[in-house]
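Working notes, structure below.
This one's a predicted model, so the numbers in the text were calculated from it and none came from an experiment. Quick note: residue numbers are just sequence positions, from 1. One-based numbering, in listed order, for ligands and for the atoms of each.
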Amino acid sequence: MSDRNSPIGVLDSGIGGFSVVRQVQRLLPEENILYFGDGAHVPYGNHPEETIVALSRYMFDFMEQRRVKVLLVGCNTISCVIDRCADLVSCPIFNAVQAGVDGALEKNGGKVGVISTVFTHNCGIYPQRILAQSPQGRTVCSRGCPNLAGLVEHNLGSGDGMVQVEEELRRELGDLVEDEQIQCCVLGCTHYSLVSDSIQKLFPQLALVDPAQEMARALKDYLQGNNLVTDRTEKGQVSIYTTGDVKEYTLRAKQTGLERVDQVSAYPPLEI
Ligand code: DGL
């Protein structure tokens with residue numbers, strides 16, 4: 001059984017969920033966090049659904065075995081298949097897509113852009129959910145970006161690499177901003193939140209919706225409302241497990257501003 005002092009679980013295909021951890025640390029600094037990033041199989045967004053489900057179930061199982069008190073699915077792509085994984089965990093689940101939809105609904109009127117992985121785009125989940133809850137006349141332009149998450153995963157902090165990331169951002173977002181005239185853009189892949197400064201630099205007028213921020217806010221409300229905030233008074237720590245490269249994850253944790261990382265450990269990947 002988990003209790004109020006059990007860790008909060010955060011999972012993602014890679015480092016994208018660090019954007020969620022960062023926000024949770026900001027709002028709930030005493031909480032311990034357990035992170036799983038499937039670096040061996042990132043990016044998920046170009047895999048077929050059955051593969052994404054198998055890989056996601058492996059991570060859900062990991063979290064259930066460690067008795068997390070709540071699970072944050074810090075990955076929009078996995079959020080699309082959550083109904084096929086939720087049976088594995090006994091704790092409440094928060095997901096990035098719902099957070100992104102809630103954030104978009106808070107923006108007033110106008111055209112909403114969504115950039116995401118190809119899988120999330122093909123699911124149509126953002127347009128469906130935003131339009132279902134919006135007054136008539138709202139338009140959603142969704143764009144699937146095949147290369148962006150992988151580029152972010154492996155290029156953060158590298159000068160040349162970030163030039164490539166920015167070129168890709170310009171290619172994917174340029175016409176949404178200039179031709180479609182979107183007024184806000186949902187970062188429908190948590191990797192993109194890690195380069196929100198670059199997006200803002202390229203498109204300074206564009207209002208961004210960051211599901212990572214929304215998730216942390218919703219989590220705080222939930223924990224407070226259900227007496228599940230930890231009663232420890234010292235600051236919490238983050239334990240990271242990855243099926244990818246431990247050194248790369250250690251570096252990325254630092255680059256993305258995670259605090260109090262007590263360990264980064266290797267975990268065997270699911271064979272697919
Ligand atoms: N960070 C993930 C998301 O939010 C996906 C990136 C990927 O693995 O393709 O969708």
Between the side chains of [X] and [Y], does any donor sit under 3.5 Å from an acceptor?
X    : Y    : result
N76  : Y126 : yes
E166 : S198 : yes
H121 : S142 : yes

Can you list the ligand 1 atoms lying under 4.0 Å from a non-hydrogen atom of [X]?
X   : value
P43 : 7 (C), 8 (O), 9 (O)
N76 : 3 (C), 4 (O), 10 (O)
D12 : 1 (N), 2 (C)
G45 : 7 (C), 8 (O), 9 (O)
S13 : 2 (C), 5 (C), 6 (C), 7 (C), 8 (O)

> What about H191: any of its N or O atoms under 3.5 Å from an N or O on ligand 1?
Replying inline: yes
> Is any N or O atom of T120, backbone or side chain, closer than 3.5 Å to an N or O atom of ligand 1?
Replying inline: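 No: no nitrogen or oxygen of T120 is under 3.5 Å from one in ligand 1.
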>> Just to confirm my output: which protein heavy-atom neighbour is closest to atom 7 (C) of ligand 1, and how far is it?
In response: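 Minimum-distance protein heavy atom for atom 7 (C) of ligand 1 reads Y44 N, 3.2 Å.
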Answer side chain, backbone, both or neither: which part of [X] comes under 4.0 Å from ligand 1, heavy atoms only.
X    : answer
V42  : side chain
C189 : both
T77  : both
C75  : both

>> Within 45 degrees of the ring normal and closer than 6.0 Å to the centroid, is that where the cationic atom of R66 sits relative to F62?
In response: yes
Could you tell me whether [X] and [Y] have a side-chain N and a carboxylate O separated by less than 4.0 Å?
X    : Y    : result
R143 : D175 : yes
K235 : E30  : no
R171 : E167 : no

>> Going by side chain to side chain donor-acceptor pair (under 3.5 Å), Y44 matches just one of T117, D38, D12, T77. Which one?
In response: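 One option only clears the test, and that one is D38.
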